[in-house]
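Encoded as structure tokens, the structure appears first; notes follow it.
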Amino acid sequence: MISQNMQNALNAHVQAEMYSSYLYQAMSAWCTSQNYAGFGRWLRVQAAEEHAHALKLLDFVLDRGGKAELKAIDAPPAEFGTIVQVFEAVLKHEVHVTQMVHELFAKSRTEKDLASETFLQWFVAEQVQEEATASEIVGKLRMVGDRPGAALYLDKEYGKRQG
Ligand code: FEO
């Protein structure tokens, strides 16, 4: 059985992952509307991944005999400035999520909840990847600067993402 404290924290993180999904859908729509269809596709795949993260947490709460409490999700912004600013915002958001995951992990230790601690290790490792990927895209887009040809090449490359 899961403690009320841990259950609340995990449910709060379901909300955070759902917001990530919603945010990336909004970014995807913005990219597509700005003729960056490749980055739009990349972000849509990322949004689906965030949704899967939320469900992974939800299933864990249920597997532990806990209660899933789905909370309201804020509306994401609709304007993101430039393509490099989109991915700077992705990176900033992922750094924020990493901090949340670390706090959740620390809570599992305080609660002496070994099952949650083991489960959350996956999220800790996943965040390393998420930050590295976002950081790589920001780096490449900054390198490209205001050369549209190079930006469109990156758009095409990242648009190949399947999962
Ligand atoms: Fe599920 Fe990008 O954190």
Side-chain angles (χ1 to χ4, degrees), residues 2 5-32 36-64 66 68-109 111 113 115-142 154-155 157-163:
I2 197 162
N5 247 347
M6 205 61 221
Q7 177 182 298
N8 291 347
L10 288 164
N11 278 324
H13 202 66
V14 169
Q15 180 190 32
E17 296 284 352
M18 288 298 283
Y19 178 74
S20 300
S21 180
Y22 219 28
L23 175 65
Y24 296 157
Q25 288 288 7
M27 290 174 168
S28 166
W30 183 89
C31 287
T32 304
Y36 287 112
F39 283 123
R41 258 194 305 279
W42 190 95
L43 282 157
R44 184 162 285 192
V45 173
Q46 188 61 31
E49 202 173 273
E50 301 300 355
H51 187 253
H53 293 171
L55 296 186
K56 199 176 172 82
L57 288 151
L58 199 63
D59 286 345
F60 179 74
V61 170
L62 294 173
D63 285 347
R64 301 282 310 281
E69 282 166 1
L70 294 169
K71 299 173 192 312
I73 306 164
D74 287 342
E79 290 300 327
F80 298 96
T82 63
I83 191 68
V84 70
Q85 284 173 331
V86 170
F87 283 92
E88 283 168 350
V90 170
L91 179 57
K92 189 172 172 214
H93 184 68
E94 287 302 328
V95 169
H96 170 64
V97 173
T98 298
Q99 195 173 347
M100 292 180 82
V101 166
H102 289 185
E103 282 166 14
L104 200 49
F105 188 85
K107 187 178 282 291
S108 72
R109 289 199 160 165
E111 294 277 316
D113 183 341
S116 290
E117 185 179 325
T118 305
F119 170 75
L120 288 167
Q121 276 173 3
W122 183 90
F123 282 86
V124 172
E126 175 69 6
Q127 282 312 117
V128 174
Q129 253 348 92
E130 302 266 89
E131 281 191 36
T133 307
S135 183
E136 181 190 302
I137 299 176
V138 168
K140 285 182 178 171
L141 283 169
R142 281 183 185 158
L154 288 181
D155 181 64
E157 285 303 300
Y158 280 98
K160 291 176 185 165
R161 180 178 180 181
Q162 303 287 331

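None of these values were measured; they are calculated from a predicted model. As the structure lists them, so they are numbered: ligands from 1, and atoms in each ligand from 1. We number each residue from 1, following the sequence as shown.
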Report the C-alpha distance between Lys107 and Asp113 in whole Å, list the side-chain angles of each, state the deciding distance to 0.1 Å, and finish with yes or no for salt bridge (Lys or Arg N to Asp or Glu O under 4.0 Å).
CA-CA 9 Å; Lys107 187 178 282 291; Asp113 183 341; over 6 Å; no
Between Tyr158 and Tyr36, is a side chain to side chain contact (heavy atoms under 4.5 Å, CB included) present by the stated rule, with each step listed?
CA-CA 10 Å; Tyr158 280 98; Tyr36 287 112; over 6 Å; no
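Residue pairs satisfying the salt bridge (Lys or Arg N to Asp or Glu O under 4.0 Å) criterion with at least one member in residues 116-140, sequence neighbours excluded, are listed as follows: Arg109-Glu117, Glu136-Lys140.
Counting only protein atoms, the N, O or S atoms lying less than 2.8 Å from atom 2 (Fe) of ligand 1 are Glu50 OE2, Glu94 OE1, Glu94 OE2, Glu130 OE2, ordered by chain and residue number.
At a threshold of 4.5 Å between non-hydrogen side-chain atoms, the residues Pro77 and Met27 do not count as touching. Taking 4.5 Å as the limit, some side-chain heavy atom of Ile137 sits within range of a side-chain heavy atom of Trp42.
In this structure, Thr98 contributes its side chain and Glu94 its backbone to a donor-acceptor pair below 3.5 Å.
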